[in-house]
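Chain naming here is simple, since letters A, B, ... match the order of the sequence lines and numbering starts at 1 in each. All figures in this text were calculated on a predicted structure; none of them were measured in a lab.
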Amino acid sequence: MTANDVAAHLLTSCKSLAGFESYMFGSTLSGVGQDIDILVVGPCGEPLTKLKCELGLAGESLPLHLLYMLPSEANHTRFVAREKCVSLALLADQDGDCHLHESLVISG
Amino acid sequence: MNWQVKYALANFSKPGERSKAVHVAGDLIKISTPDRPDVFAAIAAHETINIDAAIGYREQFENLDFLCGYRTSCVWEGDAIRYLEENRVGWGSFGTLGSAALDGDANTASHKIYKFSDRLIRQYGPVADVVREFDRVYRVSLRTGTTLRIGMLAEYEPTADAVRSLWDRFGPVNIAWNINPSGTPSPEALEAGRELGCEVMKWDDLRERLRKA
């Protein structure tokens, strides 16, 4: 499964992701990594609980490493820019193996 | 072949890896490293490894050197840890397995994320006794008679969710200890701790807290 496939799989399987910003980062973007790093930014509480259940099922046969941040934490740490996170929606729209073009890396 | 075994083999076959691995049977792989003993390791996909799982793997594979919880989120229960250590089976993450194969100490290796902190807390003077309930949760008895339940946060920058998840998964703790020496808990993580009723701190503050408790 390529990074693109994983992104498409998660977006299809986890309807609650629509209420969050979701990204992939780390080694999976350039090949096989030990795990698949996913950042989810959004609210806590019930929506997050529901999303965690969905991701648990979707990741049953995947080594997902999930990091959840509040929007304020993402802003404060500048994690998206620092770790060169790529939106799952952008990844899912790409075809073929994921060797990311520089322009697809989120810079904000 | 199970998905986690495929990932393990793929990672050992990366260019530049000194160790090489082959599939043996089921979840068992054999890792070979020049000038080091071969390592027979079971690669588990469990979210939680309890004593039943640990016994099951050891009975299934008599020559088991190491039990690897492949998922980053894998939790190890204290009974399972004690059983494996008593039977000279190393345990921990995939990263721990890779290091153990290179170091030649697979039978005694323990989860590298928590190894340093485990030693730190056990060797600290005011501490009289430590019971490891989970890989990251300890019940610490001090010489003064005070007992504290301490949970470890391994993240570089622990988030509010990391604190809440620790509490939800393992129950109430007195202290959430950020064990990553370079990390700093977010203000939201500190606030989440206050709301739940636990303190979020690094070693320097924890050391003082234990000394005065």
Practice item. Pick out which of A:V40, A:L48, A:L66 makes a side chain to side chain contact (heavy atoms under 4.5 Å, CB included) with B:D161. Key: A:L48
Point to revise | Reported SG-to-CZ distance for the pair A:C44 and B:R164, which is rounded to 0.5 angstrom | key: 5.5 Å
Check your understanding: Does A:Q34 reach the main-chain N or O of B:N11 with its side chain, forming a donor-acceptor pair under 3.5 Å?
Key -> no
Exercise for review: State, yes or no, whether a side-chain contact exists between B:S186 and A:M69 at a heavy-atom distance under 4.5 Å.
Suggested key: no
Exercise for review: Nearest 0.5 Å please: distance from the OG atom of A:S72 over to the CD atom of B:E191.
Suggested key: 11.0 Å
Study note, to complete from the structure: Taken to the nearest 0.5 Å, the spacing of B:T184 OG1 from A:H76 NE2 works out to 8.0 Å
Check your understanding: Contact part of B:A45 toward chain A, heavy-atom cut-off under 4.5 Å: side chain, backbone, both or neither?
Key -> neither
Exercise for review: Would you give the length of the straight line joining atom CG of A:L39 to atom OG1 of B:T159, rounded to the nearest 0.5 angstrom?
Suggested key: 10.0 Å
**Study point:** Segment of B:F12 engaging chain A (4.5 angstrom heavy-atom cut-off)
**Key:** neither
Check your understanding: Roughly how far, to the nearest 0.5 Å, is CD1 of A:I36 from OH of B:Y7?
Key -> 3.5 Å
Revision key, fill the gap. On a heavy-atom basis, the closest approach of A:E73 and B:A160 is OE2-N, 2.8 Å
Check your understanding: Between B:R71 (side chain) and A:L62 (backbone), is there a donor-acceptor pair under 3.5 Å?
Key -> yes
**Study point:** Enclosure of B:K20 NZ (heavy-atom neighbours >12, cutoff 6.0 Å)
**Key:** yes
Exercise for review: Please report the closest heavy-atom contact between B:K14 and A:G33, naming both atoms and the distance.
Suggested key: NZ-CA, 4.0 Å
Practice item. Give a yes or no on whether the backbone of A:D35 and the side-chain of B:Y70 come within a donor-acceptor separation of less than 3.5 Å. Key: no
Review point. Around atom CD of A:E60, are there more than 12 heavy atoms of other residues, nucleotides or ligands at under 6.0 Å?
Key: no
**Study point:** Pair B:E157-A:T77, side-chain donor/acceptor within less than 3.5 Å
**Key:** no
